[in-house]
Amino acid sequence: MTDSSKVFQIKKFQTLPSTNRYVLDNIRQLNDRDVIIADSQSAGRGRLNRNWKSDIRGNIYLTLCL
């Protein structure tokens, strides 16, 4: 028997400005444990609001909603 509260739902995109921005903009439509994945990001950012280069395919760019 599977505990459905532990199931992750993956939403995959070819490109997004930022997976984190997508979550912030769509938080009311997303569920707990949704995973937003993009092959690339055009406006990713890191700690201290630094630009995050994320246009290299093959890496993983994601935000997990908890």
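Not a single salt bridge (charged side-chain N to carboxylate O under 4.0 Å, His left out) links R45 to another residue, sequence neighbours left out. A search for side chain to side chain donor-acceptor pair (under 3.5 Å) contacts involving S42 returns nothing, not counting sequence neighbours. With sequence neighbours left out, N59 forms a side chain to side chain donor-acceptor pair (under 3.5 Å) with Y61. Remark: D34 engages no residue in a salt bridge (charged side-chain N to carboxylate O under 4.0 Å, His left out) (not counting sequence neighbours). Every side chain to side chain donor-acceptor pair (under 3.5 Å) that T19 has, sequence neighbours left out, goes to Q41, T63. L64 is linked by a side chain to side chain contact (heavy atoms under 4.5 Å, CB included) to F8, V35, L66, counting only residues two or more places apart in sequence or in another chain. For Y22, the ring pair (Phe, Tyr, Trp, His ring centres under 6.0 Å) partners two or more places apart in sequence, or in a different chain, are F13.
Other residues, nucleotides and ligands place no more than 12 heavy atoms under 6.0 Å from the CD atom of Q14.
Taking Ile, Leu, Val, Met, Phe, Trp and Tyr as members and joining any whose side-chain heavy atoms lie under 4.5 Å apart, directly or through other members, L24 forms no hydrophobic cluster with any other residue.
Pairing each heavy atom of S18 with each of A43, the nearest pair is CB-O, 3.8 Å.
The only option from L16, I36, L62 that meets the side chain to side chain contact (heavy atoms under 4.5 Å, CB included) definition with V23 turns out to be I36.
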